[in-house]
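Let me begin by presenting the structure, written as structure tokens, before commenting on it.
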Amino acid sequence: MTQRPPLPPFDLESATQKVRLAEDGWNSRDPERVSLVYTEDSVWRNRHEFPRGRAQIVEFLTRKWQREHEYRLIKELWAFDGNRIAVRFAYEWHDAAGQWFRSYGNENWEFDAHGLMQRRFASINDLPIREDERLFHWPQGRRPDDHPGLSELGL
């Protein structure tokens, strides 16, 4: 069985690490890579969609990143207990017409004993912003370690 450390039960250090690893994966915008941190039968709720299993997660993420251009994400640990982690996040992106958005949300995660996420429930709101209101300016990919997080940005 594949292990995805850190493994539950989580403490502050391991939960924080798990959140950063998730952020890094999503900032890769590689649906196949991202899907490997979920169980084969993972259950999601993302806005109005309910992907089930890795194949549907890959399909979902492929569609997502085809319409959300220049996607940049920051996640922050909110709470943890045992095999569960709560996260708040924000990401910036623009649509095909060039309209920028900052999307705010919360996620609840549940992990199996191998560190794979078996449940992900996300609630997300999109706020249209002007390009000059953007706060996430690093090159596509992993957020640099010295880039401020959500709390430092006042988000």
Side-chain angles (χ1 to χ4, degrees), residues 1-11 13-128 136 138-145 147 149-150 155:
M1 182 58 132
T2 301
Q3 297 274 335
R4 284 289 181 173
L7 306 177
F10 298 110
D11 59 18
E13 180 180 346
S14 62
T16 301
Q17 182 183 11
K18 198 73 156 176
V19 171
R20 182 57 193 240
L21 289 169
E23 176 188 312
D24 293 349
W26 280 64
N27 275 326
S28 76
R29 295 174 299 129
D30 180 341
E32 293 288 341
R33 173 184 166 193
V34 172
S35 75
L36 296 177
V37 304
Y38 300 96
T39 61
E40 289 285 344
D41 60 350
S42 186
V43 175
W44 280 27
R45 186 197 77 233
N46 194 93
R47 299 179 194 252
H48 62 278
E49 295 189 60
F50 298 85
R52 306 264 183 214
R54 284 188 186 157
Q56 288 184 15
I57 290 168
V58 169
E59 291 170 11
F60 169 85
L61 292 173
T62 299
R63 286 191 320 276
K64 172 184 178 61
W65 290 320
Q66 286 174 345
R67 72 178 178 273
E68 294 180 355
H69 304 281
E70 297 192 53
Y71 175 96
R72 289 172 180 83
L73 164 74
I74 300 176
K75 290 184 182 283
E76 184 174 282
L77 177 66
W78 188 251
F80 64 92
D81 184 46
N83 69 333
R84 292 181 172 166
I85 296 176
V87 175
R88 67 187 201 95
F89 64 87
Y91 61 93
E92 294 181 347
W93 59 282
H94 69 81
D95 62 17
Q99 172 62 57
W100 281 93
F101 296 88
R102 184 173 304 120
S103 299
Y104 296 96
N106 298 293
E107 293 175 306
N108 295 310
W109 301 341
E110 182 179 80
F111 295 87
D112 70 7
H114 304 284
L116 295 169
M117 195 182 303
Q118 56 194 9
R119 293 177 193 235
R120 175 187 175 267
F121 303 111
S123 298
I124 307 167
N125 299 299
D126 301 319
L127 175 68
F136 305 173
W138 66 88
Q140 289 281 204
R142 185 178 192 277
R143 176 173 56 101
D145 290 334
H147 190 284
L150 295 179
L155 300 176

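This chain uses plain numbering: 1 for the first residue, then up along the sequence. If you're wondering where the values come from, they're calculated on a predicted model, not measured in any experiment.
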Has the side chain of [X] got a donor or acceptor atom that lies under 3.5 Å from a matching backbone atom of [Y]?
X	Y	value
D30	R33	yes
N27	R72	no
E23	K75	yes
W138	G141	yes
K64	R29	no
E92	F136	yes
R67	D95	no
S42	R52	no

May I ask you to check whether over 12 heavy atoms, not counting those of [X], lie within 6.0 Å of atom [atom1]?
X	atom1	value
R45	CZ	yes
W100	CH2	yes
R88	CZ	yes
Q140	CD	yes
D11	CG	yes

Please round to the nearest 0.5 Å and tell me the distance separating atom [atom1] of [X] and atom [atom2] of [Y].
X	Y	atom1	atom2	result
W109	Q118	CH2	CD	14.0 Å
R120	E107	CZ	CD	4.0 Å
I57	T62	CD1	OG1	11.5 Å
L155	L150	CG	CG	6.0 Å

Problem - Lys/Arg-Asp/Glu bridge criterion (N-O < 4.0 Å) met for R47, D126 - result: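 The answer is yes: the pair qualifies as a salt bridge.
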Just wondering, do [Y] and [X] contact through their side chains at under 4.5 Å, heavy atoms?
X	Y	result
R20	D145	yes
S28	V34	yes
F101	L127	no
R143	D24	no
K18	I85	yes
M117	V37	no
D112	N83	no
N106	W78	no

For residues [X] and [Y], report the shortest heavy-atom separation together with the two atoms involved.
X	Y	result
S14	P6	O-CG, 3.3 Å
P31	L61	CB-CB, 3.8 Å
A96	H69	N-CD2, 3.8 Å
L116	T2	CD1-O, 4.1 Å

Practice task
Give me the ring orientation class for Y71 and Y91: parallel if the planes are under 30° apart, tilted from 30 to 60°, perpendicular past 60°.
Solution key: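 Ring orientation, 0 to 90° scale: tilted.
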Practice task
With W26 as reference, evaluate W65, Y38, F89, W93 under the ring pair (Phe, Tyr, Trp, His ring centres under 6.0 Å) test and give the passing residue.
Solution key: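 Of W65, Y38, F89, W93, ring pair (Phe, Tyr, Trp, His ring centres under 6.0 Å) with W26 is met by W65 alone.
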